[in-house]
Amino acid sequence: MSHLKDIGVSRISGVLVTHHHRDQVQGVGAAPQLLGVGISVPPVEVDLIAGVDQHWRGRQIDNDYNLREDRFSLLEPVSSVSTVAEYQTREYAGIEVFTLPTPGHTVGSVSYLVTVDGHRYAFTGDLVYGAGKVWSLAATQWTYTGVEGISATVHSCQSLLDEEPDVVLPSHGDPITDPPAALGLLTERLTSLATMRLGTPWDPDAHRGDVWEVITPHLLRSRISFAQTYALVSENGTALFFDFGYDGTTLAWTSSDRGARRPLLASLRSLRRDHGVDKVEVAIPTHYHDDHVAGLNLLRDAEGTQVWSAANVTPVLESPRSHDLPCLWYDPIPIDRILPPGRAVRWREYELTTYDLPGHTLYATAIEVVVDGRRVVVTGDQQDGGWLEGERREVLNFQYRNGFHPEDYVRSAQLYRKLAPDLMISGHWAPRWVDSAYLDMLLAEGHRLAELHRELLPLDQVELGRFGLGTRITPYRSRIRPRRSTVYSVLVRNPLPRAEQVTLELVVPYQWSVEEPRRTLHLGPGQEATVTFAVQPPDDAGRRGTNGRVVRARIGVDLTAGEVRFGQVAEALVDVW
């Protein structure tokens, strides 16, 4: 900082960060000259900069198979940072800057492209060191035995060359004045390394061609998305997506923190170039799981895409912290249009109808649409695929924590019979052309699944409901301040096969106050009701946390039905600031 005056700089207007490693950002919070200056960081890595305290508290060390260099992070957090807009141009200090996602050295790395005096410069962080070289190969090994970082580096180099920079400016290494030659040599060498590591030839151009499979003339399937994205194409050159999660394979599966899960827009170039689609106007998720929705906010920000959602899926997308569910995306996803079940809505020349589809998760929908004269039903992850004695076999993909009921797959099979689709498309399996034998098999499998649960569980004595607890607290995660009252809703179910007095008691930390902590209701067998409780922490509740900022408290609900004491069957997490 002391040398800036030598080049005529008297004031810093902002800092753009390429990635989270300490050697890139350790001075950001320490330099007094940067006090009050805007610090802009990659959105995937904001938790490794502003939220690094929580990262250090939760990072697994023992029996660790996570090879990402996420411990090469700041020792202390930098507050008041903002995130850059990926795939977009924004003005910083009077200069137009385009932010390009370039994973490789880290999952969330970005590069910044600017045009100065007629030349296009790319600031690439540690994506590349020089001609045919990277700063670190260890950084590209994100998972045990994996080559995800090598693959991402190659694809990032290809994306960077598409932007036609005149000069590449790495964090380590000299300016690169012949980017095609330097990055071409790097791609060649990394391809050889990946092939040796995998024991089979690896094609660096796998994502460069047409990545969309034509199912029917106006229904396409992405070959590179993790949970499959389908594109419904209109005659006017626009598209509607069914699901949009991880567009490519930039994932580090040994970890589920934000810095390991990166959405991209990799398939849009091929959609425009090879299929004449000018714009993705709408996206509809089949359910809330991250591999189906991770890219929706990015798609909206970069493309102006609207997100439509079935009514039963919308609350989870818009308020994920309220729900105790697996596979939640980190951020709320605003919904532009809520689709009521069983009612057709029009997009361009198509009519689409959603139907509640519990099974894989309670918060899922089936989507019916006629495409090229074929009736198509989009089923998300309701069925998965497997092979038995060389033949494809459907697997009923139920997960208990998602809110499963033993009769769900009977009901979904009955829905399929009613809709009589020609084609069913799912989240992780090849499209399935449908005949009556297939629908009969799904119904028989649904009945068998329900029968097994009746045989295995004492359902004639007690049934705790979809989530196995009989009770749920909403919101599941909340942030409150001392002395402020917050209202929590408790959904309770009578788990007994007869009408009973059901008693709830809210359990809170010592010295917290609750208005009417004990409630009694009369409920019929299996009947549900919702009760609210007003909770207030004491004055000093927030003073016992890390650095005096936050403490995570727990509240619970103790359930008694009739004379049966079920105990503290549900909990919620409360961060006191």
Side-chain angles (χ1 to χ4, degrees), residues 44 86-87 100-109 111 124 127-128 132 134 137 139-143 145-164 179-215 219-231 239 241 243-253 260-277 280 291-292 294-295 298-299 385 425 427-431:
V44 175
E86 296 183 310
Y87 296 104
L100 177 70
T102 49
H105 187 72
T106 69
V107 178
S109 293
S111 294
T124 58
L127 174 68
V128 56
V134 293
L137 282 171
T140 67
Q141 194 170 37
W142 300 344
T143 63
T145 76
V147 297
E148 298 90 348
I150 290 177
S151 171
T153 297
V154 169
H155 297 145
S156 293
C157 288
Q158 293 169 334
S159 298
L160 182 61
L161 289 176
D162 288 338
E163 298 297 328
E164 300 182 341
L183 301 187
L185 180 59
L186 178 58
T187 295
E188 179 184 329
R189 290 174 175 173
L190 289 177
T191 299
S192 298
L193 182 61
T195 296
M196 174 176 285
R197 185 67 187 84
L198 294 171
T200 184
W202 180 72
D203 180 9
D205 296 319
H207 292 186
R208 300 294 288 172
D210 185 355
V211 302
W212 293 90
E213 174 189 358
V214 177
I215 308 301
L219 183 65
L220 313 176
R221 178 177 71 152
S222 171
R223 295 187 181 95
I224 65 172
S225 56
F226 178 72
Q228 296 182 112
T229 293
Y230 285 85
F241 278 176
D243 289 334
F244 193 70
Y246 301 114
D247 191 31
T249 55
T250 308
L251 298 171
W253 285 113
R261 303 296 175 96
R262 179 163 205 173
L264 295 169
L265 303 181
S267 64
L268 296 194
R269 179 182 294 272
S270 171
L271 194 63
R272 294 186 175 103
R273 181 192 63 214
D274 303 315
H275 299 278
V277 173
V280 180
D291 56 333
H292 294 257
L298 179 62
L299 194 64
I425 56 178
H428 297 277
W429 201 231

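All values below were derived from every heavy atom in this structure, side-chain atoms included, with hydrogens, water molecules and symmetry-related copies excluded.
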- Item | Test ring pair (Phe, Tyr, Trp, His ring centres under 6.0 Å) applied to Tyr230 - qualifying residues, sequence neighbours left out | none

- Message: Tell me if a side-chain donor or acceptor on Thr153 pairs with a main-chain N or O of Gly149 at a distance below 3.5 Å.
- Response: yes

- Task: Might you point out which heavy atoms bring Tyr246 and Pro263 nearest each other, and give the distance in Å?
- Result: CD2-N, 4.2 Å

- Heavy-atom donor-acceptor pair, Ser270 side chain to Val211 backbone, under 3.5 Å: yes

- Query: Nearest heavy-atom pair of Trp142 and Gly104: which atoms, and what distance?
  - Reply: NE1-O, 3.3 Å

- How about His292 and Phe244: are their ring centroids closer than 6.0 Å? no

- Euclidean distance, Asp291 CG relative to Ser225 OG, rounded to 0.5 Å: 10.0 Å

- Nearest 0.5 Å, what's the CD1-OG1 distance between Ile150 and Thr187? 12.0 Å

- Task: Compute whether any side-chain donor of one residue and acceptor of the other, for Glu148 and Thr143, lie under 3.5 angstrom apart.
- Result: yes

- Query: Residues in side-chain contact (heavy atoms from CB on, under 4.5 Å) with Thr195, at least two apart?
  - Reply: Thr191, Trp202

- Message: Do the side chains of Glu213 and Arg221 get close enough for a salt bridge, i.e. N-O under 4.0 angstrom?
- Response: yes

- Kindly determine whether Val154 and Leu186 satisfy side chain to side chain contact (heavy atoms under 4.5 Å, CB included), including the steps that lead there. CA-CA 8 Å; Val154 169; Leu186 178 58; over 6 Å; no

- Could you go through the side chain to side chain contact (heavy atoms under 4.5 Å, CB included) check for Thr229 and Arg223 one step at a time? CA-CA 8 Å; Thr229 293; Arg223 295 187 181 95; over 6 Å; no

- Message: How long is the straight-line distance from CZ of Arg269 back to CG of Asp274, given to the nearest 0.5 Å?
- Response: 11.0 Å

- Results of side-chain contact (heavy atoms from CB on, under 4.5 Å) for Ser156 - residues two or more places apart only: Thr102, Pro103, Leu127

- Task: Please step through side chain to side chain contact (heavy atoms under 4.5 Å, CB included) for the pair Leu271 and Leu220, ending with a clear verdict.
- Result: CA-CA 9 Å; Leu271 194 63; Leu220 313 176; 3.9 Å; yes

- Note on the structure: Taken to the nearest 0.5 Å, the spacing of Leu160 CG from His155 NE2 works out to 14.5 Å

- Any chance CD of Glu164 has more than 12 other-residue heavy atoms, nucleotides or ligands included, within less than 6.0 Å? no

- Task: Decide whether Asp247 and Ser267 meet the rule of one side-chain donor and one side-chain acceptor closer than 3.5 Å.
- Result: yes

- Task: Run the numbers on Leu193 and Arg197 for side chain to side chain contact (heavy atoms under 4.5 Å, CB included), then give the verdict.
- Result: CA-CA 6 Å; Leu193 182 61; Arg197 185 67 187 84; 5.6 Å; no

- Task: Give, for atom CZ of Phe241 and atom CG of Leu299, the distance between the pair rounded to the nearest 0.5 Å.
- Result: 6.5 Å

- Item | Atom of Tyr87, atom of Ala266 and distance for their closest heavy-atom approach | OH-N, 4.2 Å

- Message: Tell me whether Arg273 is salt-bridged to Asp210, with the criterion being a basic N under 4.0 Å from an acidic carboxylate O.
- Response: no

- Under the 3.5 angstrom rule, does the side chain of Arg262 hit a backbone N or O of Ser109 as a donor-acceptor pair? yes

- For Thr124 and Val128, the nearest pair of non-hydrogen atoms, with its separation, is OG1-CG1, 3.9 Å

- Query: Nearest heavy-atom pair of Val277 and Ala239: which atoms, and what distance?
  - Reply: CG1-CB, 3.7 Å

- Note on the structure: Rounded to the nearest 0.5 Å, the NE2 atom of His428 sits from the CD atom of Gln228 at a distance of 8.0 Å

